[in-house]
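Below: the structure, in structure tokens.
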Amino acid sequence: MPSSLAPAGVPDASTGVPAVEIRGLVKRYDGRAVVDGLSLVARQGAVTAVLGPNGAGKTTTVECCEGLRTPDAGTVRVLGLDPVADARDLRPRVGVMLQDGGLPTGVRAGEMLRHVAAMYARPRDVRELGERLGLDAFARTTVRRLSGGQRQRLALAAAVVGRPAVVFLDEPSAGMDPQSRRAVWDLVRELRADGVGVVLTTHLMDEAQDLADQVHVVDHGHVIASGTVRELLADRPGASGTVRVEASPGLDLPALVRALPQAREAALVTLPDAGGGLGTASAAEAAGPWVVAEVEPGVYTLTGPVDPQALAAVTEWLAGQGVLARSLSTGQRTLEDVFLDLTGRHLR
Amino acid sequence: MTSSERAPTTATTTGADAVHPGGPASGGDRNLASPAWRRVAAQASFETRAILRNGEQLLVTIVLPVMVLLGLVRTSFLDLDTGGYARADFVTPGVLAVAVMSTAFTSQAIATAFDRRNGVLRLLATTPLGRGGLLAGKVLGVLAVEVVQVVVIAGVALALGWRPDVAGIPAAIGAVLLGTAAFTALALLLAGTLRAEGVLAVANLVLVLLLVGGGVLLPAGQLSVPLAHAAVLLPSGALGEAMRGALLDGAVPPFSVVVLLGWTAALGWGASRLFRWH
């Protein structure tokens, strides 16, 4: 297997000091570890998505990077500096968009942005930024009367008005209409082009898929998979499809792997433990370009170069086992599939 | 000025600087932030405008003290023992003390509690303002509102015939600053530990209780006996006595100063230990 499903930790050597480098971060609330041995690296000039279900520890991790919380163990470095000890040097270089906005309710939107801009020596042009993000329409409206999307756009503007080198965006698209979201994504891409390191948390798959250069899937306080979207989708040359089969549980996976075309070798690979979110262990097999797994009892996914021969091999395999599939579908594997495979399909 | 024209500043940040031309790379780190005085001044002005624009806050900080002043000077609901002083002279120092309490304590506690709940404190703490600048801005904002209060209340009082002891004005200013320190510390202690709705209720209730039985409007000695002994030890009683001492007799009683200093130290210590930003 390539590095796609390995936990993060290896810094990308291509650009000097990383925007963010977290090693073995632990943060406990009332004795309960919300972040538990989390490690990841985010590069400058790249968008890094921290993807995970609610309660996975995303916000706490970002707050440790922002100097708002002090880690219980592990190290956090932003631009090579300690967010708590070197706060004075870091604050002017780091832009923050909090999940709950952090906007005072009685103040007008335009006034709030000008106020944050006043903290910096050379802020962005407030008028230009307001135009970019469509803030002009409500610049004289108090924050209390803004819609969720308007507040998010204002909070994003406040995060970038100081020309930061690193930006942390906690759930930036929450509550946004599609137009707002487009404007926000365009701005994020522009920041990246300017060399800014952007770290965003999200549970929106399309956001990570469309924006992120690097994705870290977080669950139960640690990173369970890292890689580019392409790597996470196991999108090696020719491997672009999935087959999903629902049948009886416990079918013979090695037999399926042997039946598939281009299966040069059959190696047993265990997916990284999703931390107990699933009731069953995820058995997975990888052979050549194929990754095959029983993602939950009786549900099998095959990722690889899906073609008519491959599909025939699957049905032959089912026939060989004397099993009739309840459902069989082919399709493009999405990040959502990866995410659900890793974190479990159960409500929590 | 861009990074290409400037040598990188420190070894630890050169990598980041190199990949971010035109942005935060230029100059020293400190140059990226506006000067500290400007940040604090901006925050103080922001806080002052927020309070003066808020109807409920204006009610507590301006309208309430003026009503108390008018009520006590112009009507005779209360049979005041003014100790031979003119009614306006006797009442105004206490009303000024009430004004200090309403701004430094009630108004500040409520504003800070809601800013804390809405994440405003955390967001501003991540900007170059930082936590220290935020606190300094708040204190200066309180003092700015107090200047407005004093102008309004003194104006009304003078119109009602108030003739303060001019020699006591510097002492009165000192008493206002001490009282502001003690009550701001109490406001932050409350705002940093209770839920916003709880702070709203407690801050208003405490103000009313101290108005009635805290020895602020009327000398503690005029309260019933057990309350009289307690009130001189309260920050409200101490502030009231200090203001009356300064503006009626030209001198602040040392005991009041000691009490206010003690409360400031204790409440400041408590707030710095117990204040939660989240």
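Every chain is numbered from 1 and lettered A, B, ... according to where its sequence line falls, protein lines coming before strand lines.
Between B:Arg53 and A:Val107, the closest side-chain pair of non-hydrogen atoms falls below 4.5 Å. B:His278 places a side-chain heavy atom less than 4.5 Å from the side chain of A:Leu68. Proximity of A:Thr105 to B:Asn118: side-chain heavy atoms (C-beta onward) are separated by under 4.5 Å at one or more points.
Using a 4.5 Å cut-off between heavy atoms, B:Arg122 touches chain A through backbone and side chain atoms alike. Residue contact with chain B, scored on non-hydrogen atoms closer than 4.5 Å, involves the side chain of A:Glu63 exclusively.
Under a cut-off of 6.0 angstrom, the local environment of CZ in B:Arg117 is crowded, with over 12 non-hydrogen atoms contributed by other residues, nucleotides or ligands. Heavy-atom contacts from other residues, nucleotides or ligands closer than 6.0 Å to CD of B:Glu56 number 12 or fewer. Within 6.0 Å of the CZ atom in A:Arg127, the count of heavy atoms belonging to other residues, nucleotides or ligands does not exceed 12.
Taken to the nearest 0.5 Å, the CZ atom of A:Arg91 stands 8.0 Å off from the CZ atom of B:Arg39. Once rounded to the nearest 0.5 Å, the distance linking NE2 of A:His115 with CG of B:Leu124 reads 5.5 Å.
For the pair A:Val96 and B:Thr126, the tightest heavy-atom approach, listed with the atom from each and the gap, is CB-OG1, 3.6 Å. Among all heavy-atom pairs drawn from B:Leu32 and A:Pro92, the shortest one is CB-CB, 3.6 Å. For the residue pair B:Asp115 and A:Pro104, the shortest heavy atom distance occurs at OD1-CB, 4.0 Å.
Under the rule for a side chain to side chain donor-acceptor pair (under 3.5 Å), the partners of B:Gln149 that lie at least two apart in sequence or sit in another chain are B:Ser102, B:Thr103.
For residues 129-142 of chain B, the interface with chain A (any heavy-atom pair closer than 4.5 Å) comprises B:Leu129, B:Gly130, B:Arg131, sorted by residue number.
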